[in-house]
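What follows is a short report on a single structure.
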Amino acid sequence: MIRTHDAGDLRVGDVGTSVTLAGWVARRRDHGGVTFLDVRDASGSVQVVCRDLPEVHALRSEWCISVGGEVTARTEGNVNPNLATGEIEVVASAVTVLSESEPLPFPIDGSDEIESGVDEMLRWKHRYLDLRRTGPARAVRTRAKAISLMRHVMESRGFVDVETPYLTRSTPEGARDFLVPVRLQPGHWYALPQSPQLFKQLLMVGGLERYYQIARCFRDEDFRADRTAEFTQLDIEMSFLDEEDIFALTEDLLATLWRELLGIELPTPFPRMSYWEAMRRYGSDKPDLRFELELVDLTEHMAGTEFRVFQAEHVGAVVVPGGAAYTRKELDAWQDWAKSRGGKGIAWLLIPTTGEPKGSITRLEPDRLASLPEAAGAQPGDAILFAAGPRRTTLEMLGALRLAVAQQQGLVRTDEWKFLWVVDAPMFEPTGDGAGWTAVHHPFTAPSVDWEKTFQDDPEAALARAYDVVGNGVELGGGSIRIHRGEMQQRVFDVIGLTRAEAESKFGFLLEAFKYGPPPHGGIAFGIDRLVAELLGTDAIRETMAFPKASSGGDPLTGAPTPITAEQRAEAGIDAVPEE
RNA sequence: GGUCCUGUGGAGCAGUUGGAGUGCUCGCCGCCCUGUCAAGGCGGAGGUCGCGGGUUCAAGUCCCGUCAGGACCGCCA
């Protein structure tokens, strides 16, 4: 190394040591006769004092330099208690310019904030500069540490890291595939894996028993703050297990991460909640338990009402503490909010501390209206916001409303960590056209024990041996116990309308494998990007990636994707029609 | 595919009722300065107000379209 010490590690104990540092000019305070340089490297930064070194006047921000000098104690009054290295400084005897820097496109600050005020596009375009900032540097290091801890936990439990192909065929997650043309077979295409799902099940047939992988996954769907085209999973599969093994492993993993990276002891085991309980109480399959504000079910209360708005499969409400103070404008804003989410709107009732309730539902039958606050559990001073309609969509609307109200009213206890398991999810949901059924998780998910023989008779009610682990309202991981018997698998295919020929064509290799003594197995996969985002306290998984993409799928740094030339097009065989 | 928000010197912002490219902080360039740590002082440069069209005597400002980014819905576990 061309340096002898790391700048950020120097302390009082190093006083008197001759050092050579190498790093960047973070700041320069030029007093003419004396110049102070804050020299930053990966370890941090230290103040360098330059006297009788006229060449340092030419230095500018982010020039790369090396400094030879001696560590000295700062005199009293010159100590900076805000810096880790604030008790010492390096008196320079020589400063060498290793490379110069143009003026920067945005400031490189020393703050520990991950996000800065700078336009994200500019940050991604110059990500190599953004990563010199303390916050983003910490983010990528936290990610590395998290992955290291995951590997440690997995290996200590005897799991085997196996790589699976990226150039493969469509996997059964149901998202759009990224496709790759195959030059050697014009007209034929690989799909990039949406997950290693099928391969990890094959590894169980292969007797690995305990598999894990830090796997890149690809899904060609629209982006969100917490979704991007390529993301990373900690993918896990085990044989001869039941749910408890997955729960215990997951709790060990997450508790280790939170303990080692945040110094927080997560209480385990995590509480468990059924999917329908989560929907009923919180209107979400990933409830945020850092605040209460449970949904109120008023369907019974409204049974047989003449009031048309509440003649619906489900009538529910969110009680807003102190909401009686809502202005008409604020209530209209909730209306707009509901409509922007595709809902019909929100009915409301204000319960003032004195006087009669008022709202958009005062034409409700008088007895129903009078008993409504009590039925909803509302106190004087509260507001009740109602939604009515089909059960699941109404609960989801109310769940979103619950989140929005909690945020608006500052009810979220942001210093808490609330983890839970959501279990007993439905096996199937209606297809988009409502004509059939599709697997909620994926078609290899086993039915719960109670439904093993009968799920095909009532697909809507059938429950799956699937589980999601949720932290602070974010789905961090999910998985299931798989089907390992051909007869049961065939019944699932029948329910989702997959013919034998189609199943053979899509998953024939898996079904073939399952003819040879497949073990009972199951697994889970964690969204590493989301996990790291949680650990960092950000919503945007972009901040956890070294080189993230913009929401249009483009890479602002490299300019990918790009058009291809006619030659590339011909060579890749994109337009070739495959022979029969 | 849809809704909403944003786009003004290098960065972050402000810009009123439509009235001169106006302002602020930082950065940049030059000069001065031996204890600063967000150094300071003096001086200076830097603009296709995202782009195109329209309304108007006059557009950063109003209207239409478009591009880019972001949030959300659809989509996606």
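Within every chain, numbering begins at 1; the chains are lettered A, B, ... in the order of the sequence lines, protein sequences first and strands thereafter.
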Exercise. B:C73 phosphate, OP1 or OP2: any side-chain N/O from A:R341 under 4.0 angstrom?
Worked result: yes

For nucleotides 2-10 of chain B, tabulate all protein N/O to nucleotide N/O atom pairs closer than 3.5 Å, reporting atom names and distance.
residue, atom, partner, partner atom, Å
B:G10, O2', A:P105, O, 3.1

For this session: Scan every strand shown for a Watson-Crick or G-U wobble partner of B:C24, both distances under 3.5 Å, and answer none if you come up empty.
Result: B:G12

For this session: Take A:F419 and A:L476 through the side chain to side chain contact (heavy atoms under 4.5 Å, CB included) test and state the conclusion after the steps.
Result: CA-CA 10 Å; A:F419 286 76; A:L476 296 173; 3.6 Å; yes

For this session: Nearest whole angstrom, please: distance from the P of B:C26 to the CD1 of A:I108.
Result: 19 Å

Exercise. Is any side-chain N or O of A:R74 under 3.5 Å from a base N or O of B:C37, one able to act as donor and the other as acceptor?
Worked result: yes

Seminar exercise, completed: Per atom distances to the A:S552 side chain, the nearest of B:A77, B:U36, B:G69 is B:G69

For this session: Remember a base hit wins even if backbone is also touched, and classify A:E396 as base, sugar-phosphate or nothing at under 4.0 Å, heavy atoms.
Result: nothing

For this session: Select base, sugar-phosphate, or nothing to describe what A:R227 touches, counting heavy atoms under 4.0 Å on all strands.
Result: base

Exercise. Which of these nucleotides, B:U36, B:G30, B:G70, is closest to any side-chain atom of A:N78?
Worked result: B:U36

Exercise. Side-chain N or O of A:R542 less than 4.0 angstrom from OP1 or OP2 on B:A71?
Worked result: yes

Exercise. Using a cut-off of less than 4.0 Å, is there contact between a side-chain N or O of A:R29 and OP1 or OP2 of B:U36?
Worked result: no

Exercise. B:A11 phosphate, OP1 or OP2: any side-chain N/O from A:R123 under 4.0 angstrom?
Worked result: no

Exercise. For A:H441 and B:A77, are the ring centres under 5.5 Å apart with planes inclined under 30°?
Worked result: no

Problem set entry | Among B:C76, B:A77, B:G70, the nucleotide that comes nearest once only the side chain of A:S551 is considered | B:G70

Seminar exercise, completed: A:D222 has its side chain closest, among B:C75, B:A77, B:C37, to B:C75

For this session: Using only heavy-atom distances, decide whether a donor-acceptor pair under 3.5 angstrom links the side-chain of A:D119 to the base of B:G12.
Result: no

Exercise. Got A:S480 and A:F444 here, is their nearest side-chain heavy-atom distance under 4.5 Å?
Worked result: no

Exercise. Which residues pass the side-chain hydrogen bond (donor to acceptor under 3.5 Å, both in side chains) test with A:E277, sequence neighbours left out?
Worked result: A:R281

For this session: Ignoring backbone atoms, test whether A:T35 places a side-chain nitrogen or oxygen under 4.0 Å from the OP1 or OP2 oxygen of B:U36.
Result: no

